[in-house]
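Nothing here was measured: the structure is a model prediction, and the numbers come from that model.
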Amino acid sequence: MIQLSGIMGIPLLKKSRYTGSDGPLKFFLEKRNSEEEGDRLAAVYWIGETCSDATPREKMSEKLFPFTAEGLLEAQAWLNEHVEGGGSDRAESIEEVD
């Protein structure tokens with residue numbers, strides 16, 4: 001189970017990407033910015049032994065959340081759904097949560 005509280009938070013994500021894993025599920029969280037949407041939290045996961053740079057984008061699943069403490073909790077819950085469900089070996093479409 002992925003547990004982010006006490007490890008990292010929004011202040012860290014303002015400056016850098018956070019990476020982690022739980023078994024074969026690998027993930028990263030990062031800040032994304034667009035003029036239309038403003039700051040968003042991107043949660044990206046994939047299954048395998050390779051790092052994000054060596055994993056084809058089509059093997060990754062991504063979901064966008066609000067760039068807030070609540071959005072971080074939502075991202076954690078979303079990642080844990082995939083840890084408990086065994087993940088997916090194909091990419092999902094990019095989803096946005098408001």
Side-chain angles (χ1 to χ4, degrees):
M1 176 178 222
I2 297 167
Q3 182 68 345
L4 301 174
S5 63
I7 297 174
M8 53 80 67
I10 293 298
L12 172 71
L13 290 169
K14 286 181 180 180
K15 297 178 182 182
S16 66
R17 172 190 277 195
Y18 178 81
T19 61
S21 65
D22 189 328
L25 185 134
K26 312 293 188 258
F27 70 92
F28 66 81
L29 301 167
E30 68 182 2
K31 178 181 170 183
R32 300 262 177 92
N33 187 297
S34 73
E35 290 182 20
E36 302 84 32
E37 305 260 343
D39 291 344
R40 306 288 284 170
L41 174 62
V44 180
Y45 82 89
W46 64 99
I47 305 298
E49 297 299 318
T50 57
C51 68
S52 61
D53 290 339
T55 302
R57 193 75 183 143
E58 60 270 7
K59 296 283 186 181
M60 296 180 176
S61 296
E62 176 177 311
K63 190 167 182 178
L64 300 174
F65 298 90
F67 195 71
T68 62
E70 293 80 19
L72 183 56
L73 291 175
E74 291 174 29
Q76 176 182 289
W78 180 74
L79 290 168
N80 279 320
E81 287 174 16
H82 298 286
V83 168
E84 294 162 8
S88 169
D89 58 0
R90 65 176 181 75
E92 299 173 358
S93 60
I94 296 176
E95 304 174 46
E96 292 194 29
V97 175
D98 290 318

Of all heavy-atom pairs between Arg40 and Phe67, which one has the smallest distance, and what is that distance? O-CD1, 3.7 Å

With a 4.5 Å cut-off on side-chain heavy-atom distances among I, L, V, M, F, W and Y, is there a chain of contacts connecting Leu12 to Leu29? yes

Ion pair Arg32/Glu62, N-O distance below 4.0 Å: yes

Of all the heavy-atom pairs spanning Thr50 and Ala54, show the shortest one and how long it is. CB-CB, 4.0 Å

Atom pair CD (Glu30) and OG (Ser16), whose distance is rounded to the nearest 0.5 Å: 10.0 Å

Heavy-atom closest pair (Val44 atom, Arg57 atom, distance to 0.1 Å) is CG1-NH1, 3.9 Å

Work out which heavy atom in Ala69 is nearest to a heavy atom in Ile10; give both atom names and the distance. N-CG1, 3.8 Å

Residue pair Asp22 / His82, side-chain heavy-atom distance below 4.5 Å: no

Rounded distance (nearest 0.5 Å) linking atom OG of Ser61 with atom CG of Leu79: 10.5 Å

Closest non-hydrogen contact found for Gln76 with Leu4 is OE1-N, 2.8 Å

Under 3.5 Å donor-acceptor, Asn80 side chain and Met1 backbone: no

Can you tell me how far apart CG (Leu64) and CD (Glu37) are? Round to the nearest 0.5 Å. 8.0 Å

OG on Ser52 to NZ on Lys26, rounded to 0.5 Å: 11.5 Å

Heavy atoms only: give me the nearest Glu74-Pro66 pair and the separation to one decimal. OE1-CD, 4.1 Å

Between CD on residue Glu49 and OG1 on residue Thr55, distance to nearest 0.5 Å: 10.0 Å

Assign the ring pair Trp78 / Tyr45 to parallel, tilted or perpendicular, where the plane angle (0 to 90°) is split at 30° and 60°. perpendicular

Counting C-beta onward and ignoring hydrogens, is there a side-chain heavy-atom pair between Phe65 and Leu72 closer than 4.5 Å? no

